[in-house]
Amino acid sequence: MATEGAKKRPKYQRIADVLRDAVQAGRYGPGDRLPGENDLMAEYGVARMTARQALGLLQSEGIAESRRGAGVFVRSFRPLRRQGIKRLAQSQWGEGRSVWAADTEGRTLVVDNVGVTEEPAPDRIAGVLGIESGSAVCVRRRRFVLDGKPILLATSYLPASLVAGSAVTREDTGPGGTYARLAELGSKPVHFREEIRSRMPSGAEADELELSSGTPVMLICRTAFADEGRPVEVNEMTLDSASYILEYDFDA
């Protein structure tokens with residue numbers, strides 16, 4: 001029955017299965033070029049669209065990536081294990097370390113495209129921060145690049161009245177980052193909430209994250225709360241889904 005069921009699957013999925021098994025068995029290693037559309041057409045007797053769909057499926061799964069004019073290659077980037085609880089512990093930022101230190105394990109992380117502005121709060125942000133819509137917020141935008149690969153876009157919103165004149169309004173917030181500076185302002189984060197969903201990227205997001213065609217993004221919206229449940233930051237993050245493993249390790 002299983003064999004009969006496999007035969008009913010679309011041809012492109014069956015071709016993708018063969019290629020996936022070959023990658024997992026080590027016949028194609030990281031950085032190796034996979035058979036191209038012409039190769040698959042000849043070997044399996046399928047149309048170009050079927051061959052393209054098979055390769056596209058591997059790209060959407062994060063197994064392979066397309067290089068313009070060169071073909072489709074086994075993805076060589078090692079996914080980042082994002083330790084969702086450990087990274088936000090006060091023992092990280094409270095001692096001057098970046099929240100990323102728990103994840104990167106000595107890998108090269110670069111933050112670029114940094115911009116800090118003061119803007120009217122969008123309705124969705126004002127609602128979470130508990131301020132009037134249109135009230136001034138400090139907006140921090142940046143992109144995170146790991147081992148030369150863009151993996152994350154982040155935009156943080158903080159009440160302008162809270163962070164005015166502090167290092168939070170500068171591109172470099174200093175040791176421990178924004179949360180350490182909030183603690184110095186008497187608004188130390190004591191609780192975090194993260195909401196996670198996924199969708200396909202916009203064109204701009206795909207360009208900034210250099211995504212392969214068909215790769216979805218994960219959206220994480222984190223809210224930081226000070227004492228008495230007072231929200232002090234909303235951080236909207238867009239992640240390359242193929243570059244991440246989300247890990248949440250906690251006691252029962």
Supply the atom-to-atom distance [X] [atom1] to [Y] [atom2], rounded to the nearest 0.5 angstrom.
X      : Y      : atom1 : atom2 : value
Leu58  : Arg75  : CG    : CZ    : 12.5 Å
Asp227 : Lys188 : CG    : NZ    : 7.0 Å
Ile125 : Thr223 : CD1   : OG1   : 8.0 Å

Problem - Heavy-atom closest contact (Cys138 atom, Val168 atom, distance) - result: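 For Cys138 and Val168, the tightest heavy-atom pair comes out as SG-O, 4.0 Å.
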Handout entry: Residue pair Ala126 / Ala121: nearest heavy atoms and the distance that separates them
Key =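 Here Ala126 and Ala121 meet closest at CB-CB, 4.1 Å.
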Inspect the contact between [Y] and [X] and indicate whether a charged nitrogen and a carboxylate oxygen are less than 4.0 angstrom apart.
X      : Y      : result
Asp17  : Arg14  : no
Glu205 : Arg199 : yes
Arg140 : Glu233 : no

Practice task
Answer yes if the side chains of Ser243 and Arg82 hold a donor-acceptor pair under 3.5 Å, and no otherwise.
Solution key: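 No, because no side-chain N or O of Ser243 sits under 3.5 Å from a partner of the opposite role on Arg82.
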Practice task
Determine whether the side chains of Arg222 and Ser156 contain a donor N or O and an acceptor N or O closer than 3.5 Å.
Solution key: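 Arg222 vs Ser156: no donor-acceptor pair found between side chains.
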Exercise for the section: With sequence neighbours excluded, tell me which residues meet ring-ring contact (aromatic ring centres under 6.0 Å, His included) with Phe192. Expected result: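 Per chain and number, Phe192 pairs via ring-ring contact (aromatic ring centres under 6.0 Å, His included) with Tyr179.
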Exercise for the section: Not counting sequence neighbours, which residues clear ring-ring contact (aromatic ring centres under 6.0 Å, His included) with Tyr244? List them please. Expected result: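 Applying ring-ring contact (aromatic ring centres under 6.0 Å, His included) to Tyr244 gives none.
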So, [X] side chain and [Y] main chain: donor-acceptor pair closer than 3.5 Å or not?
X      : Y      : value
Arg33  : Gly71  : no
Ser187 : Ala226 : no
Asp147 : Thr108 : yes

